[in-house]
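In the text below, chain A, chain B and the rest are named by the order of the sequence lines, each starting its count at 1.
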Amino acid sequence: MLVLLVGTLAFFIPHSFLVGLRELFRKKRKTEK
Amino acid sequence: MSKSRIKRFSITDRLFHIFLMLTFLIQTATGFSRLFITTGWGKKLSYVFGGYETALTIHTWVGVLMMVGFVVHTIYLLTKIRWENLGDSILGPDSLFPNLYDVKHLWQRSLWIFGLGAPPRLNRWAYWEKFDYWAVYWGLPLLAITGLMAMYPMVTSRILPGWSLNIAGFLHRAEAILAISYIFIVHFFIGHLRPTSFPMNEGMFSGSVELEEAMEEKPAWIERLKEEGKLELLETSPPSTWYRVVYYVFGYSVLIFGIYLLINGIVYSRHITLH
């Protein structure tokens with residue numbers, strides 16, 4: 001259970017944050033165009 | 001000119017989500033008021049619910065309500081299955097059942113993050129949405145079974161060895177902490193804070209999404225609807241201003257309260273005991 005807890009958070013927190021960061025740059029590029 | 005919108009969630013889907021939002025928040029607050037009772041913050045939180053014992057009573061009955069919700073949702077799911085076309089109903093693109101495309105999409109999205117490929121051509125449900133759904137679906141029975149064991153320790157110890165109660169307590173707390181952390185960090189970020197959703201992904205409240213937005217995030221879904229001639233049938237009008245105000249106030253109140261609980265949970269995390 002602890003492995004599941006740590007594993008889920010260790011994967012999804014950085015994954016979601018990086019997706020957000022990527023979307024931010026894509027949005028910025030679209031606005032510049 | 002207003003942008004065209006398409007229906008994404010039925011009224012039943014949205015009611016289940018609101019039910020889950022409210023019950024989950026109450027369970028987190030009452031659960032935390034007991035978990036952190038040795039701290040000043042935990043004591044103050046328990047006063048809101050009438051004290052340590054009353055918080056448990058609320059936690060227990062809202063837990064029972066959640067179990068009822070789970071059963072009702074399962075019955076609802078069974079009514080949605082197209083039994084004459086079972087394979088497509090369970091494994092088709094409208095199903096929330098995980099499939100190999102989810103693994104492929106996860107891999108493609110990971111590459112896209114680092115600029116190493118195109119974004120995945122998602123269908124109706126993205127892999128993270130399926131993960132959210134199934135996390136609740138297996139988490140709720142686990143919390144329910146371990147919660148019932150704690151509610152009836154004498155009955156449990158007549159059937160199972162005494163140490164099973166320790167295991168149940170550990171599983172209940174660990175799963176609750178996992179669910180709370182995931183919902184208040186990952187789900188809130190995806191639903192509210194990531195640039196595509198900010199300030200709020202309104203789909204789950206209004207029931208509809210902008211077509212342009214859907215074409216960008218779920219291109220395979222829109223293409224399929226066009227091919228099947230169903231796109232026009234799903235077109236809908238935008239939500240009224242008053243309704244938007246209501247769900248923004250409601251959604252943000254839940255968000256703020258959830259983050260308040262999460263921050264205090266992290267601050268006082270050294271007081272957490274898992275058994």
**Asked** Between B:I185 and chain A, which part of the residue has a heavy atom less than 4.5 Å away: side chain, backbone, both or neither?
**Response** side chain
**Message:** Tell me if the CZ atom of B:F16 is crowded by more than 12 foreign heavy atoms within 6.0 Å.
**Reply:** yes
**Asked** With a cut-off of 6.0 Å (strictly less than), are more than 12 heavy atoms of other residues, nucleotides or ligands near CG of B:L100?
**Response** no
**Asked** So do the side chains of A:L2 and B:F170 get within less than 4.5 Å of each other, counting heavy atoms only?
**Response** yes
**Prompt:** Within a reach of under 6.0 Å around CZ of B:F97, are more than 12 heavy atoms found that belong to other residues, nucleotides or ligands?
**Reply:** no
**Asked** Should A:L5 and B:E175 count as side-chain neighbours, where that means a heavy-atom distance under 4.5 Å?
**Response** no
**Exceeds 12 heavy-atom contacts within 6.0 angstrom, atom CH2 of B:W107** = no
**Message:** I need the minimum non-hydrogen distance between A:M1 and B:A174, along with the two atoms involved.
**Reply:** CG-CB, 3.5 Å
**Request:** Would you mind checking which part of B:L142 comes under 4.5 Å of any heavy atom in chain A, side chain (CB onward), backbone (N, CA, C, O), both or neither?
**Result:** side chain
**Prompt:** Do B:I113 and A:H15 touch side chain to side chain, with heavy atoms closer than 4.5 Å?
**Reply:** yes
**Item:** Greater than 12 external heavy atoms within 6.0 Å of B:W138's CH2
**Value:** yes
**Asked** Can you name the nearest heavy-atom pair linking A:E23 to B:W112, along with the distance?
**Response** CG-CH2, 3.9 Å
**Asked** Taking B:R194 for the side chain and A:F17 for the main chain, is one N or O donor matched with an acceptor at less than 3.5 Å?
**Response** no
**Request:** Below 4.5 Å from any heavy atom of chain B, which atoms of A:T8 appear? Answer side chain, backbone, both or neither.
**Result:** side chain
**Message:** Could you check whether any side-chain heavy atom of A:I13 comes within less than 4.5 Å of a side-chain heavy atom of B:F189, counting everything from C-beta outward?
**Reply:** no
**B:E223, CD: over 12 other non-hydrogen atoms inside 6.0 angstrom** = yes
**Item:** B:M215 atom CE, over 12 foreign heavy atoms within 6.0 Å
**Value:** no
**Asked** Hey, what's the ring geometry for B:Y182 with A:F12, parallel, tilted or perpendicular (30° and 60° as the breaks)?
**Response** perpendicular
